[in-house]
Amino acid sequence: MYCLIMAGGGHAQLSVLKALAQKPLGIDAVLITPSPYQIYSGMLPGWMAGHYNLSECRIDLRPLAESAGARLIFAQVVGIDAKRRRVSLSDGTHLEYDGLSLDVGSETDLSLLEAAGECLLPIKPLGNFIQRWPNILNAASQQDHYQLVVVGGGAAGVELAFAAQYVFATQRCRQASVVLVASESGILPGHANGVKHRARALLDQRGITLVQAQAVGTSEGVALSNGQSLSADCIIAATGARPPAWLRNSDLTLDEQGYVLVDAHHRSVSHPNVFAAGDVCMRGDIHLGHSGVHAVFAGAVLAHNLIAAINGHALESYRPRKKSLYLLATGPKHAIASWGAFSAQGHWVWVWKNWIDRRFMHKYGVLNRDDAA
Ligand SMILES: Cc1cc2nc3c(=O)[nH]c(=O)nc-3n(C[C@H](O)[C@H](O)[C@H](O)COP(=O)(O)OP(=O)(O)OC[C@H]3O[C@@H](n4cnc5c(N)ncnc54)[C@H](O)[C@@H]3O)c2cc1C
């Protein structure tokens with residue numbers, strides 16, 4: 001029997017599980033995931049800010065796997081041998097596959113911050129971040145002059161800094177402060193000047209200090225490339241992504257950074273029985289940035305192509321739209337919209353974001369407070 005291994009239950013893999021549930025193929029489908037839950041990163045800042053319960057921001061993979069007729073294995077993939085069509089798992093076992101669907105995401109690049117030790121909190125894995133965040137909040141409410149440093153000026157770092165400042169202010173962590181460290185080129189690379197301007201003005205308004213310099217971890221906090229240093233009680237690392245190191249020995253063709261190189265069908269350029277979507281892969285034909293938007297939209301193509309490859313049908317290409325919509329949460333129920341050169345902000349943008357996020361979660365069986373009432 002044809003064995004399809006789904007490695008990781010990321011944003012794209014959700015579409016694969018849905019498609020298998022709709023069209024049973026009579027194959028041996030296996031989902032390998034370290035956790036029963038897929039956390040939706042788009043709602044994480046809203047969870048930190050207190051707008052959502054944890055159960056509203058995570059998708060339970062167990063019922064999805066069951067309706068897809070997939071076996072569920074709680075483990076991490078720690079190696080792939082694409083030549084032998086085999087994956088190695090963290091529990092020491094190995095599984096052979098006929099087809100492989102990879103959606104394990106990326107890791108946080110901690111190479112410059114590691115010396116900060118215990119106070120370092122990487123944003124990924126998200127499950128670990130969620131477990132540790134309440135302790136940070138508790139310490140910030142009890143300690144005088146608690147200083148949280150968020151390193152990373154991309155969308156994630158900016159949203160996390162806003163969420164942390166908002167929750168500090170509303171939960172009476174009166175003496176706690178937030179510093180956002182972005183690289184010399186500033187916040188929100190890739191977004192229009194109008195978006196950057198709006199975000200900078202809001203950071204200023206909310207009392208979040210923005211520093212533009214390269215940060216290196218030290219035992220007290222971070223040393224900056226401008227010669228200054230910052231003490232930190234906690235450093236959230238929302239620094240760039242890096243691919244899982246175990247891909248290096250997989251025999252799959254990787255790009256120069258180590259991501260799985262795929263074509264327009266999201267098929268490995270070296271191994272036609274391997275498909276990948278989301279942060280773990282890089283397109284060879286176009287530049288496709290790592291974002292949840294692309295992981296979600298490429299998911300539908302991934303699902304189609306995995307099934308088409310099994311049935312010998314034609315594959316589809318993922319053609320990203322020229323402009324993607326990003327809605328950035330800014331702490332309270334307020335957000336900034338970014339779409340090409342267009343930008344806007346306000347409570348109405350948050351309402352729009354909330355509607356999109358909840359609609360996505362609803363698709364995968366997550367009830368929200370309004371549904372439950
Ligand atoms: C705070 C924050 C806010 C963000 N906001 C936005 C936004 O507004 N818009 C946007 O477009 N992007 C946003 N992003 C980026 C977005 O989260 C990622 O690009 C997206 O999650 C990538 O999806 P993915 O499916 O590739 O990986 P993930 O969502 O990371 O999923 C990977 C899955 O694989 C599992 N896994 C990991 N390693 C293994 C392994 N070895 N074996 C098996 N399973 C494994 C994980 O548990 C996880 O379930 C945000 C990121 C963060 C951190």
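Both ligands and their constituent atoms are indexed starting at 1 by order of listing.
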Side chains of [X] and [Y], heavy atoms from C-beta outward: is any pair under 4.5 Å?
X    : Y   : answer
F360 : H11 : yes
N273 : D98 : no
L95  : C3  : no

Heavy atom of the protein closest to atom 27 (O) of ligand 1 (residue, atom name, distance):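 Going by distance alone, atom 27 (O) of ligand 1 is nearest to G105 CA, 3.3 Å.
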Where is the nearest protein heavy atom to atom 14 (N) of ligand 1: which residue, which atom, and how far?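 Here the nearest protein heavy atom works out to S41 OG, 3.9 Å.
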When you look for heavy atoms under 4.0 Å from ligand 1, do you find them on the side chain of E159, its backbone, both, or neither?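 The answer is the side chain of E159.
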Region of D279 engaging ligand 1 - heavy atom pairs below 4.0 Å: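 The part of D279 near ligand 1 is both the backbone and the side chain.
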Distance-only N or O hit between ligand 1 and S106, under 3.5 Å: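 No, no N or O pair falls under 3.5 Å.
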Specify whether the nearest protein heavy atom to atom 7 (C) of ligand 1 is under 4.0 angstrom away.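 Given the 4.0 Å limit, the answer for atom 7 (C) of ligand 1 is no, no protein heavy atom qualifies.
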Heavy-atom protein contact below 4.0 Å for atom 46 (C) of ligand 1: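 False for atom 46 (C) of ligand 1.
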Counting heavy atoms only, name the option from A241, A156, S324 that's nearest to atom 52 (C) of ligand 1.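 It is A156 that holds the nearest heavy atom.
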Taking the minimum heavy-atom distance to atom 30 (O) of ligand 1, which of K124, E107, Q38 ranks first?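 Selected option, by shortest heavy-atom distance: K124.
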What are the atoms of ligand 1, with element, lying closer than 4.0 Å to any heavy atom of [X]?
X    : answer
G278 : 26 (O)
G10  : 25 (O), 31 (O), 32 (C), 33 (C)
V293 : 10 (C), 11 (O)

Can you sort out the partners of R62 under salt bridge (charged side-chain N to carboxylate O under 4.0 Å, His left out), two or more places apart, ordered by chain and number?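 For R62 the salt bridge (charged side-chain N to carboxylate O under 4.0 Å, His left out) partners, ignoring immediate neighbours, are D60.
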Sequence neighbours excluded - salt bridge (Lys or Arg N to Asp or Glu O under 4.0 Å) pairs with any residue from residues 109-132: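 Matches after skipping sequence neighbours: D109-R242, K124-D279.
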